[in-house]
Structure formats: C-alpha cells, structure tokens
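Data block below; observations after.
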Amino acid sequence: MAKAVKSQFVCQTCGTPAARWAGKCAACGDWNTIVEEVTAAAPPGSGMVGASKGKALVLESLSGAPEEAPRFLTGMAELDRVTGGGLVPGSVLLIAGEPGIGKSTLLLQLTAALARAGRRALYFSGEEASAQVRLRAQRLGLADAPVALAAETSLSNILATLHNERAADLVVIDSIQTLWSDALEAAPGSVSQVRASTQSLVRYAKQAGVALLLVGHVTKEGQIAGPKAVEHVVDTVLSFEGDRGHSYRILRATKNRFGATDEIGVFEMVGSGLREVANPSELFLGERDSSAPGTAVFAGMEGTRPILVEIQALVAPSGLGTPRRAVVGWEQSRLAMLIAVLEARCGVSFANHDVYLNVAGGLRIVEPAADLAAAAALIGSLAGRALDPKEIHFGEISLSGAVRAAPHTAARIKEAAKLGFTSAVMPAAGDAPAKDTRFKLRRIPHLKALAEDLSTCD
C-alpha cells in the first residue's frame, strides 16, 4: 500500500503549526517564516493496534543516598568549570553562538585534547569538508591528534557509522541544522528535520552512554534557532558569546542538569586558537586609564568566580531637545532607573546632558550589584572628578536610593586585594569579611552619601 502523504504549515522560528500559509506567524510575530512541510503518514488503521500492553514499574521513594553522576575531565579547565566538573557519559550538550565566534575551533580543540588523553572522540562536520577541518587542525597544531573525522549530513549514515564504530567517549555534530532524515520530505534546518534529528541522536547517546555535543545556530536576536523542544530534550545548553571587536570569548551555561547555570568560562582568541584565561580580571582591566573621570571598577560575581571589570561613563552637555541615553554591556532599563534615582533622591540632574555608559572589554553584566559602580562612574563624569584608582564598588540600589547588600562580599574583596586594590565602597549591610588592616572598607547606607562625597549634591 502506498504511503499516505500529508502536509502542514510550520513556523521555522517557533515551530507553531498553521492551517494555511501566512506572511506573519501569529505566535512569534516573525515574517516569512511559515513553510509547508510534507511528511509521510502511516497507512490508515495502523496506529496503535500492535502496541504492547506494557508492564508495571517498581516505584521508589525519595529517601536514600544520592549517587553522583560519573564524569570525565575534558582537559580544558574553563569548559569543565561551566559543565560542572566535566562531561557526563550519556549526556547531551547543545552549544550555540554567532557565526565565526569560534564554536568549531573550541570543539576541535576539545576533541583533540580528549583524543590525546586516550579517549575516543568522533567529529562529524556538516558545514565544512574534511579538508577544511584538516586545515584548521594544522593551523591550531592539532593535526597529530587521533580524532575520527567525517563530513556528513545524512542522519541515517551518521547513526550507522556510530553503531559500527567501537564505543566512543564523545561525539560532536557540527551542526544540527545541517542534518536531514530521508524519512521526512522537508529541507535541512526545518523544524521537523531538526526535531527528528535531535531526538534520534539523543536516543542513541542515552542507549550507548556516549557524551553527545550538538552545535546549534542562532537567530538575529541571539536566540537558539529551531524549535524550543530541542533545548528541553538536551541536558545542557551552552552559549558561546563574544564581541568581534575584542579577543575574549565567554562560555556560559543557560541550562545544566548536572551542575550550576551561573558559571562562566573565559577564553581568549589568539593565533593558535582559543586560550584559557585563568584570571579574567587582569584581562578586563589590562588597558585601564585610571586618571580619566567617569571610570569605576566593579567587583562582580559570575557563579563562584569573582571578576573585576571597569565601568566607563561619559556625561556631556546635550544639544538636542531630548538628551540621548546609550549603554553597552548593561541593561538600558537599569540605566534609566539609576538616572531617575539620582535625580529624585540625590538632586543630581542629567536633564541637559547626554549619558553614555560602557562596560570595558565588551563584557555583558546582568548582576544588580553593578548599580553602585555605575552610579559612581556617572557622578564622577558629571563632576569631572576621577575616582580612586585603587577602589572598587559593588552594591544594589533600590528605588528609594538605599544601597542593598550584595552576596559573596569576602570573595569580591579577596579578588580585589589580589590585584592590588586597597579600598572598597560597599553596602552598609551584608556579610562582614575578614578584617584586613591593609584593605579599607567604606560602608554607605544610601546613594546620597556617595553623591555628597563627590560634591554634586546640594
């Protein structure tokens, strides 16, 4: 009997089905993303007729000693930090990032490190030919690593190769959007192809106990392309971030079933590939101009790692009817709120000034404790005064102007002292760090105290 053929219209951004073609997706609002997909349906009457009855499961309680998931180190300390201590056999990781950010370079270095350590690493490239991957390996000095390489986009061929090969420790698919299954009459990269390929590879990884690493594309908004279901079925989602104008790269976990999601790994792109940065603070403060007004050093936390970064502010008279507000590396709404608090609670007016705020080095900050450092930079730029170059700032500012406590005070101060800083402006409440006569702590309960110190309040 010939297979029944049916078609449906599916949005390629969010995966929402539609009854007919439309120029705009009603779910996500994107334009020209609805595509007709043809699938082969089972013959009528063949649904669940032959399904087994099943068997009862043995139920367990929550009590008992928990078992730690087995792991193996990758040889890259920054990657091990982000994944929670190494790769777990049978786990599936999804890594995404903008084109050219260095995903393929990172994965090639990872597979080479594992292969040199005696583990079996397979690399399937769907975007480049084998010769192109070899050229990159030669440039990175990895040509002698015993990595098993293949250039293939057929899902059935990849699965057949994996079943014939001896048990591997790591399998890399670069990328999931290039795979296609002959069971579906849809183009590679479509929602149905990505979903089917991911589910088949996840099933293999769980059964074989192999660590699987998938590469995903991103949309123009920076989100992982493809259906959201892909992020739900994998164990770990990693985001590889960076600014093309800077050499550093940030590996950040947005989902991790085997570890924390607030850790980051820092790499630097050099001629020989990605170099791990053990002390990111020195990287972000390397070219600092401490004599310029409007610069403050923020002692932040990324997971368990303290990072010192410079926040730069420029407040200049505006010739426009509506002064401009621009920010890079921080939230625009956070800057607007901070300016409003300074005007309402401290009497510091920015009504006739353009305000520009920048996080040096291109790092993106999301921690609320950066409020106090940003406020110090703004006030210093408006007053034309340079802050103490050996002073750090951290603390969250509420709408009332109160400076709220920030966690991990001891870790922030310890990192600052290690880099030569001697004082800190911090909230009045919070953890009390160990006493050190060489490090001065100035606790302020309200933002007005900082403004008055810089002689800008009435």
Side-chain angles (χ1 to χ4, degrees), residues 76-82 84-85 242 246-252 260 262-270 274-292 295-312 329-330 358-377 380 386-396 403 405-444 450:
M76 304 178 72
E78 294 299 303
L79 180 59
D80 291 336
R81 171 192 291 270
V82 177
H246 299 86
S247 61
Y248 86 93
R249 301 291 185 267
I250 298 293
L251 185 64
R252 191 187 306 269
D262 52 3
E263 295 285 356
I264 67 168
V266 184
F267 299 86
E268 183 181 9
M269 181 65 75
V270 295
L274 290 167
R275 182 182 67 86
E276 298 180 68
V277 179
N279 191 351
S281 299
E282 293 182 348
L283 175 64
F284 295 124
L285 297 177
E287 301 177 358
R288 181 183 172 217
D289 184 8
S290 58
S291 62
T295 62
V297 176
F298 165 56
M301 293 294 298
E302 291 287 351
T304 59
R305 164 182 281 180
I307 293 182
L308 270 61
V309 62
E310 182 184 29
I311 295 183
Q312 304 170 343
W330 208 38
N358 176 51
V359 179
L363 182 67
R364 180 172 56 89
I365 294 179
V366 296
E367 189 182 6
D371 291 348
L372 191 60
L387 303 179
D388 185 356
K390 296 297 182 179
E391 189 174 64
I392 62 172
H393 298 75
F394 62 90
E396 181 183 358
V403 182
H408 308 292
T409 300
R412 301 174 197 263
I413 293 178
K414 182 179 179 181
E415 178 71 10
K418 185 172 64 175
L419 294 178
F421 289 85
T422 58
S423 60
V425 178
M426 54 185 294
D431 301 337
K435 293 184 178 180
D436 188 350
T437 57
R438 297 171 299 177
F439 205 94
K440 299 179 181 179
L441 303 180
R442 185 192 172 197
R443 295 180 177 269
I444 57 174
L450 179 65

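Being a predicted model, the structure only gives us computed values, none of them experimental. Only this structure's heavy atoms are used, side chains among them; waters, hydrogens and symmetry mates stay out.
The backbone N or O of L363 sits less than 3.5 Å from a side-chain atom of Y248, completing a donor-acceptor pair. Judged by distance alone, the side chain of R288 and the main-chain N or O of A360 form no donor-acceptor pair under 3.5 Å. No donor-acceptor pair closer than 3.5 Å links the side chain of R364 to the backbone N or O of G329. Within the 3.5 Å criterion, the main-chain N or O of L308 finds no donor-acceptor partner in the side chain of E415.
Residues T409 and A406 come closest through the heavy atom pair OG1-O, 3.2 Å. The two residues A428 and R443 have their closest heavy-atom pair at O-NH1, 3.3 Å. Considering every non-hydrogen atom in both R412 and A299, the closest pair reads NH1-O, 2.7 Å. Residues N279 and L419 come closest through the heavy atom pair ND2-CD2, 3.8 Å. Contact detail for F298 and F394: the closest heavy-atom pair is CE1-CB, 4.0 Å. What you find for S281 and P306 is that their closest heavy atoms are OG-O, 3.9 Å.
In this structure S423 satisfies the side chain to side chain donor-acceptor pair (under 3.5 Å) test with no other residue, sequence neighbours excluded.
Partner of F421 under the side chain to side chain contact (heavy atoms under 4.5 Å, CB included) criterion, chosen from D388, L285, I413: L285.
Rounding to the nearest 0.5 Å places CZ of F267 at 6.0 Å from CG of L79. Within the model, atoms CD1 of I307 and CD1 of I365 stand 9.0 Å from one another, a figure rounded to the nearest 0.5 Å. Rounded to the nearest 0.5 angstrom, E276 CD and M76 CE are separated by 5.0 Å. To the nearest 0.5 Å, the span separating CD on E78 from CG on L274 amounts to 11.0 Å. Interatomic distance, CZ of R252 versus CD of E263, reported as 11.0 Å (0.5 Å rounding). One distance of note links OG1 of T304 with CZ of R81; it measures 5.0 Å at 0.5 Å rounding.
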